[in-house]
Amino acid sequence: MKSLEVNLGKLVLQNPITTASGCFGYGTEYSDFVDLDSLGAITLKSITLNQREGNPTPRIAETPSGMMNSIGLANCGIKEFIQEKLPALEHLKKVKVIANIAGHSTEENVELAEILDGQKRVDAIELNISCPNVDAGGLAFCQDMAQLKVLLNKVRAKTDKPLIVKLAANVHDIVNLAQVCEGEGADMLSLINTVTGLEVDIENRKLFFSRGYAGLSGPAIRPIALKAVYDVSRVVKLPIIGMGGIANIDDVVKFLMVGADAVSVGMMNFVEPDISQRLVGGLQGYIRAKNIGLKDLTLN
Ligand SMILES: Cc1cc2nc3c(=O)[nH]c(=O)nc-3n(C[C@H](O)[C@H](O)[C@H](O)COP(=O)(O)O)c2cc1C
């Protein structure tokens, strides 16, 4: 068997297939469908200091080749996360666990990073600064470079764990944003979060989601995500976890070819709950059939 191991700087994965935050619960929800230890990493649902109920319903809408969500970072809060969610992953030996934090302020993110730094089962911290579904924090961090620098500096100071920064594509200049992350001590980038969109309830002549805007994910955004990975990887040296609409092995190969070092499966977990594990086998089969290694998956 050819090795699928990937070296993401401070984080080594047994293979490049990971799951995207918010699309794989806290991991255990999928253990009936997936041998979690077969994956490269699982990224858990964004957490905040306090438990969050999230946005009022409706929070989901179907779109052609995708879905929109306005979950609003509903989560159990850091206390329950540490007392119940992390211990449930303790027995796993091979898969890396990425905790995703989404504080509404710099201070909240700093506190979350400090708490998670002390958690052995957390192999890396992903800083979500690109959620379109909240009033404070979220995408706002991507729009103010001075604030972003302060945030990254302060979070970096609190943890030696690999720090991944998750960016959105619907920003003024994602390459510049990525360069700022690189300059301020990020170890890796996750590209991309959902793309901000709008849906209309024509029966009631109002906007469908309570906050108006919501996040589009799934195959509909794949070309946008591929472009983001391609553009950023040409300028920035940090390892990139690529995501956005991955639905089959060809999609995985496309992300790796344009510059991703690993990939994340998001929305498609809701359609095919075992897709992540099947993609590990699919990738192994792909490189075996072509008689190449992972490193050969580049553009000519
Ligand atoms: C229902 C849903 C909830 C999500 N929640 C989060 C979240 O809590 N934190 C986060 O960083 N990204 C979240 N995302 C974004 C995904 O992690 C991913 O970046 C995005 O959906 C693009 O990948 P995909 O097209 O494969 O779904 C969520 C996506 C969906 C569909």
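Any value given below was found using the heavy atoms of this structure, including those in side chains, with hydrogens, waters and symmetry copies removed. Counting starts at 1 for both ligands and their atoms, following the listed order.
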Please check: side-chain N/O of Tyr26 versus main-chain N/O of Cys76, any donor-acceptor pairing under 3.5 Å? yes
Under 3.5 Å between any N/O of Leu73 and any N/O of ligand 1: does that happen in this structure? no
Would Gly245 count as being in polar contact with ligand 1, using the rule that some N or O on each side must be under 3.5 angstrom apart? yes
Relative to ligand 1, is Ile192 under 4.0 angstrom through side chain, backbone, both or neither, heavy atoms considered? backbone
Does any N/O atom on Ser264 come nearer than 3.5 Å to any N/O atom on ligand 1? no
Can you find a side-chain donor-acceptor pair between Asn69 and Ser217 that sits under 3.5 Å? no
Quick look: Ile221 vs ligand 1, heavy-atom contacts under 4.0 Å, and the answer is side chain
Check whether any N or O atom of Thr194, backbone or side chain, sits under 3.5 Å from an N or O atom of ligand 1, and answer yes or no. no
Flag Ala20 as yes when one of its N or O atoms lies below 3.5 Å from any N or O atom of ligand 1, and as no otherwise. no
Is there a donor-acceptor contact under 3.5 Å linking the side chains of Glu126 and Thr43? no
Show which atoms of ligand 1 fall inside a sub-4.0 Å distance from at least one heavy-atom site of Met267. 24 (P), 26 (O), 27 (O)
Does an N or O from Gly266, backbone or side chain, lie closer than 3.5 Å to an N or O of ligand 1? yes
Atom 9 (N) of ligand 1 [closest protein heavy-atom partner, distance rounded to 0.1 Å]: Ser46 OG, 2.8 Å
Identify which of Met67, Lys45, Lys166 has a heavy atom lying nearest to atom 5 (N) of ligand 1. Lys45
Between Ala225 and ligand 1, which residue portion shows a heavy-atom distance shorter than 4.0 Å: side chain, backbone, both, or neither? neither
Closest protein heavy atom (residue, atom, distance) for atom 28 (C) of ligand 1: Ser21 O, 3.5 Å
For Leu299, does the CG atom have more than 12 heavy-atom neighbours from other residues, nucleotides or ligands under 6.0 Å away? yes
Below 3.5 Å, can you tabulate the donor-acceptor pairs from side chains in residues 4-17 to any protein atom, sequence neighbours excluded?
residue	atom	partner	partner atom	Å
Asn7	OD1	Gly9	N	3.2
Lys10	NZ	Asp160	O	3.0
Lys10	NZ	Asp187	OD2	3.4
Gln14	NE2	Asp37	O	2.7
Gln14	NE2	Leu39	O	2.9
Asn15	OD1	Ile17	N	3.0
Asn15	OD1	Gly40	N	3.0
Asn15	ND2	Ser38	O	2.8

How many angstroms lie between CD1 in Ile174 and CD1 in Ile192, if you round to the nearest 0.5 Å? 7.0 Å
Considering both backbone and side-chain atoms of Glu126, is one of its nitrogen or oxygen atoms within less than 3.5 Å of a nitrogen or oxygen in ligand 1? no
Atom CG in Asp117, atom NZ in Lys158: separation rounded to 0.5 Å? 10.0 Å
Give a yes or no answer on whether the side chain of Asn109 reaches the backbone of Thr106 with a donor-acceptor pair at less than 3.5 Å. no
Atom pairs and distances, donor-acceptor, side-chain atoms in residues 253-264, under 3.5 Å, two or more places apart:
residue	atom	partner	partner atom	Å
Asp261	OD2	Ile240	N	2.8
Ser264	OG	Thr18	OG1	2.6
Ser264	OG	Thr19	O	3.4

Checking heavy atoms under 4.0 Å, the part of Asn193 that sits near ligand 1 is both
Just to be sure I read this right, does ligand 1 sit under 4.0 Å from the backbone of Met268, its side chain, both, or neither, counting only heavy atoms? neither
Considering only heavy atoms, which of Ser65, Cys23, Gly22 lies nearest to atom 29 (C) of ligand 1? Cys23
State whether the side chain of Ser21 and the backbone N or O of Leu44 hold a donor-acceptor pair below 3.5 Å, judged by distance alone. yes
Check for a donor-acceptor pair, side chain of Gln277 on one end and backbone N or O of Val34 on the other, with a separation under 3.5 Å. no
Keeping the roles fixed (side chain from Asp250, backbone from Asn248), state whether a donor-acceptor pair exists under 3.5 Å. no
Using distance alone, determine whether Asn69 and ligand 1 share an N or O pair under 3.5 Å. no
Protein contact of atom 21 (O) of ligand 1 - nearest heavy atom, named by residue and atom, plus distance: Ser217 CB, 3.2 Å
